[in-house]
J.: 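Got a structure for you, questions after.
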Protein chains: 2
Amino acid sequence: MDIDKVFKALADPSRGYLLDLLHRESGQTLTALCMHMDMTRQAVTQHLQQLEEANLIAVVWQGREKLHYLNPVPLHEIHARWIGKFERDRLDVLRNLKNKLEGKDDDKT
Amino acid sequence: MDIDKVFKALADPSRGYLLDLLHRESGQTLTALCMHMDMTRQAVTQHLQQLEEANLIAVVWQGREKLHYLNPVPLHEIHARWIGKFERDRLDVLRNLKNKLEGKDDDKT
DNA sequence: TTGACATGCAAGTAAATGATTGCATATAAT
DNA sequence: ATTATATGCAATCATTTACTTGCATGTCAA
């Protein structure tokens with residue numbers, strides 16, 4: 001999975017809002033989502049395509065309607081690859097910073 | 001905290017790499033970081049500024065040297081605001097999708 | 001089968017972004 | 001003091017990005 005694509009997809013407020021909309025109600029059609037967005041349908045389509053490419057949403061066609069579903073898996077990946085990794089060292093980093101600021105050595109206190 | 005700023009900061013691979021560098025070794029100077037980056041010092045500076053504005057790194061001046069430290073707190077925020085939120089519904093969403101795909105009602109099986 | 005509805009495709013535009021170059025400033029070393 | 005080092009500031013440029021507009025296609029309903 002391309003984690004950068006996921007971050008890029010999440011970087012735009014409109015796309016974040018689309019995810020929020022889908023979180024509130026799963027399986028919404030394109031036009032349903034458009035009603036909450038202050039832009040043209042095509043703009044929304046393009047945002048949704050990016051979200052889809054980042055694997056953040058899944059699309060199901062039902063006749064002429066396009067239903068959108070949230071996929072929480074990539075966010076789980078972010079947690080695994082970034083947040084967990086950095087948080088594990090959280091206290092260490094902060095202590096390290098504190099010591100440096102105080103001009104001390106790392107003395108594990 | 002502006003969560004969009006954090007995502008935007010994380011969206012660029014160069015900035016992600018800078019965070020990785022700081023994760024490996026905390027407190028590196030600007031020029032130390034530059035040595036690993038295939039771009040001018042000024043470009044790196046600008047990336048670091050964005051990371052700083054997103055509160056993902058903290059900067060400490062030591063004489064003429066600028067030391068950079070990782071701040072894991074915003075990533076923690078992401079976890080709290082996004083990942084936890086979506087993951088909580090993970091199984092529900094997937095079941096919902098599965099049922100829709102099979103043309104069933106939600107029957108809680 | 002005709003009209004309305006749901007969506008796609010593609011070209012064009014304005015603004016944001018990543019990166020560069022050139023010059024300025026402050027700290028350290030000799 | 002003078003020189004080298006570490007960094008900042010600002011203008012510029014190319015690319016990407018978010019959006020728009022216009023037209024095309026496919027599906028449902030009367």
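In this text, all values refer to a predicted model and were calculated from it rather than measured experimentally.
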J.: Which residue pairs pass the side-chain hydrogen bond (donor to acceptor under 3.5 Å, both in side chains) test with at least one member in residues 39-57 of chain B, sequence neighbours excluded?
T.: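 Listed by first then second residue: Arg15(B)-His47(B), Arg15(B)-Gln50(B).
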J.: Within less than 4.0 Å of OP1 or OP2 of dT7(C), is there a side-chain N or O belonging to Thr45(A)?
T.: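 Negative; the distance criterion is not met.
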J.: Show, in sequence, the C-alpha distance, side-chain angles and deciding distance for Tyr69(A) and Asn71(A), and conclude whether the side chain to side chain contact (heavy atoms under 4.5 Å, CB included) test is met.
T.: CA-CA 6 Å; Tyr69(A) 294 88; Asn71(A) 178 19; over 6 Å; no
J.: Give me the other members of the hydrophobic cluster that Met35(A) sits in, counting Ile, Leu, Val, Met, Phe, Trp and Tyr linked by side-chain heavy atoms under 4.5 Å, directly or via other members.
T.: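 Cluster partners of Met35(A): none, it stands alone.
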J.: To the nearest 0.5 Å, how far apart are CE in Met37(B) and CG in Leu30(B)?
T.: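 Those atoms lie 11.0 Å apart.
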J.: Heavy atoms only: give me the nearest Met39(B)-Ser14(B) pair and the separation to one decimal.
T.: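 Looking at all heavy atoms of both residues, the shortest contact is CE-OG, 3.5 Å.
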J.: Could you give me the CA-CA distance, side-chain angles and deciding distance for Thr29(A) and Leu67(A), then say whether side chain to side chain contact (heavy atoms under 4.5 Å, CB included) is met?
T.: CA-CA 5 Å; Thr29(A) 66; Leu67(A) 308 180; 3.5 Å; yes
J.: Can you check the Glu65(A) CD to dA4(C) P distance for me, whole Å?
T.: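 So the CD-P distance, Glu65(A) to dA4(C), works out to 19 Å.
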J.: Scan nucleotides 20-30 of chain C nucleotide by nucleotide, 5' to 3', and note B when protein non-hydrogen atoms come under 4.0 Å of the base, S if they reach only the sugar-phosphate, - if neither.
T.: BBB----BS--
J.: Out of curiosity, Leu10(B) CG to Leu10(A) CG, how far, rounded to the nearest 0.5 Å?
T.: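 Going from CG on Leu10(B) over to CG on Leu10(A), the span is 9.5 Å.
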J.: Please report the shortest heavy-atom distance between His36(B) and Tyr17(B), naming the atom on each side.
T.: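 So the two residues come closest at O-CE2, 3.7 Å.
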J.: Considering residues at least two apart in sequence or located in another chain, which fulfil the side-chain contact (heavy atoms from CB on, under 4.5 Å) criterion with Lys8(B)?
T.: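 Once residues adjacent in sequence are excluded, the partners of Lys8(B) under the side-chain contact (heavy atoms from CB on, under 4.5 Å) criterion are Ala11(A).
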J.: To the nearest 0.5 Å, what is the distance between NZ (Lys66(A)) and OG1 (Thr31(A))?
T.: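 With rounding to 0.5 Å, NZ (Lys66(A)) is 11.0 Å from OG1 (Thr31(A)).
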J.: Which whole-number value in Å describes the distance from Lys5(B) NZ to dA16(C) C1'?
T.: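 The distance from NZ of Lys5(B) to C1' of dA16(C) comes to 15 Å, rounded to the nearest Å.
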J.: Over its full length, what angle do the end axes of the helix from dT1(C)-dA30(D) to dT30(C)-dA1(D) make, each axis taken from five pairs and the result rounded to 10 degrees?
T.: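 Computed angle between terminal axes is 30°.
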J.: Does Gln28(A) use its side chain to pair, donor to acceptor, with the backbone of Leu21(A) at less than 3.5 Å?
T.: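 Side chain of Gln28(A) to backbone of Leu21(A): a pair is present.
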J.: Under 4.0 Å between a side-chain N/O of His47(B) and OP1 or OP2 of dA19(C), yes or no?
T.: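 Checking His47(B) against dA19(C): at least one side-chain N or O falls below 4.0 Å of OP1 or OP2.
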J.: Quick one: on DNA chain D, does Gln50(A) or Gln49(B) contact a more 5' nucleotide (nearest heavy atom)?
T.: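 Final value for this comparison: Gln49(B).
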J.: Using the heavy-atom set of chain B and a strict 4.0 Å cut-off, write down the first and last nucleotide of DNA chain D that makes it in, 5' to 3'.
T.: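 Counting from the 5' end, contacts occupy dA4(D) to dC9(D).
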